[in-house]
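Chain identifiers are assigned alphabetically (A, B, ...) following the order of the sequence lines, protein sequences preceding nucleic acid strands; residue numbering begins at 1 within each chain. Because the structure is a prediction, the values reported are computed rather than measured.
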2 protein chains.
Amino acid sequence: MSSEALAVAAGVKPTQLRKDLTYFGQFGTRGLGYDVDQLAQMISDLLGTNRLQPVILVGVGNLGTALLSYRGFEQEGFEIIAAFDADVRRPRDKALTVPLYEMEHLGRIIQDRGVKMAILSVPAISAQSVANQLVDVGISGILNFSPSMLTVPESVVVNSVNLAIELENLSYFIQQ
Amino acid sequence: MSSEALAVAAGVKPTQLRKDLTYFGQFGTRGLGYDVDQLAQMISDLLGTNRLQPVILVGVGNLGTALLSYRGFEQEGFEIIAAFDADVRRPRDKALTVPLYEMEHLGRIIQDRGVKMAILSVPAISAQSVANQLVDVGISGILNFSPSMLTVPESVVVNSVNLAIELENLSYFIQQ
DNA sequence: ATATGTGAATAGGTTCACAGCC
DNA sequence: GGCTGTGAACCTATTCACATAT
């Protein structure tokens, strides 16, 4: 497949796609294009999604519950192996398939299962305190859904997704 | 409040914050800083979040249900006034507070309520077809949660959030 | 003939440094 | 004295143009 065709599929320009790929090596054949399987394998290796990665989720409220039942993660090679909440007895409307634990078991489970990444879906007010706990037990990546700035050591990576801001963004660009 | 203090709160550099603000005007006082209330008002005007904006949601599955019960949107001035699904009778585990309609009522409700923006949380397979329907009934902004590239007319703005990609992103940066 | 890989050119965004104003 | 606003300098990212390989 040519960079032209791949670029159309990805919604970028062909030169952009080629330039980006070359930062990681040479994967195409001149006059021919790219081997899609080989390319997918390479990207999967690069992202670490070639083998199933265990992930935990902290904060099983509305959003947390939805993220637990969201199929998209496992399709990309992630498995949410455990969920944690400050109140495990709080009423929840769905029979969870993922085991739900008290916060005190965080350290043990992360260590036992070699978990590197955590999904954080707690209210803004407790986000920093839970982030601190995650850092303490050795988590190295946090996907933060709470609308708050997290302060963490340099060695820990935070990726924040703020759903309300995504809507605000859209609201700005459609200028009413 | 100084740009220094605001920048710390926002997690950016003070010069960045000042430069960005000046693209929309002059809001600070030299030697003194910014009036926070006035600044918040200005940004709210700019984003169109100064008055409550009606929004609809299409696709009431796992993620859609969660988004409906997510409080973050209304806090920022958005109200999800209606939800739509191809199958309104599909079993759902939560008593929805938002009215749920068949897709055929899309046009009428959008017109009646002056809705400009839609949240799209349908499976990837039906995303483009539903996006087309949204465009047809006059929606001008789509917040897309499905893992697919949407093709829409120039006049329509799409903002895509792919939760799995956000995790992959994190996975890459923590290089295992 | 066709399509990649890449240096050079261009565009875009961030930071610096300081003049200007309170 | 303190802090904003902003041109200039710098850095990063995208696009062009074409040599290179099949």
Checklist entry - Hey, are B:Glu102 and B:Arg89 close enough for a salt bridge, meaning a charged N less than 4.0 Å from a carboxylate O? => result yes
Checklist entry - Reckon B:Ser3 has a side-chain N or O less than 4.0 Å from the OP1 or OP2 of D:dT4? => result yes
Checklist entry - Looking only at side-chain N and O atoms, does B:Gln16 come under 4.0 Å of OP1 or OP2 in C:dG13? => result no
Checklist outcome for this item: Here the distance between atom P of D:dC3 and atom CG of B:Leu17, to the nearest Å, is 14 Å
Checklist outcome for this item: From CZ of B:Arg30 across to C1' of D:dT4 the rounded distance in Å is 5 Å
Next on the checklist: Would you say that A:Leu100 contacts A:Phe84 through its side chain, given a criterion of any heavy-atom pair below 4.5 Å between the two side chains?
Outcome noted: no
Checklist outcome for this item: Between OH of B:Tyr23 and P of D:dG7 the distance, given in whole Å, is 10 Å
Checklist entry - Quick one: on DNA chain C, does B:Lys13 or B:Gly31 contact a more 5' nucleotide (nearest heavy atom)? => result B:Lys13
Next on the checklist: What I want to check is whether an N or O donor and acceptor connect the side chain of A:Arg18 with the base of C:dT4 at under 3.5 Å.
Outcome noted: no
Item to check | Spacing of B:Lys19 atom NZ relative to C:dT15 atom P, expressed in whole Å | outcome: 12 Å
Checklist entry - Under 4.0 Å: is that the gap between some side-chain N or O of A:Gln26 and OP1 or OP2 of D:dA21? => result no
Checklist entry - What integer distance in Å separates B:Glu4:CD from D:dG5:C1'? => result 16 Å
Item to check | Separation of D:dA21 C1' from A:Leu32 CG (nearest whole Å) | outcome: 11 Å
Item to check | Rounded distance in Å - CG (B:Asp20) to P (D:dT4) | outcome: 14 Å
Checklist entry - Can you tell me if CZ on B:Arg113 sees more than 12 non-hydrogen neighbours from other groups inside 6.0 Å? => result no
Item to check | Sole candidate of A:Ile80, A:Thr65, A:Val98 that passes side chain to side chain contact (heavy atoms under 4.5 Å, CB included) when paired with A:Leu57 | outcome: A:Ile80
Checklist entry - Could you give the CG-to-P distance, from B:Leu6 to D:dG2, as a whole number of Å? => result 19 Å
Checklist entry - Should B:Tyr34 be listed as having a side-chain N or O under 4.0 Å from OP1 or OP2 of C:dC22? => result no
Next on the checklist: Check this one for me: any side-chain N or O of B:Thr15 less than 4.0 Å away from OP1 or OP2 of C:dT14?
Outcome noted: no
Checklist entry - Are A:Tyr172 and B:Val161 linked, directly or through other ILVMFWY residues, by side chains that come within less than 4.5 angstrom of each other? => result yes
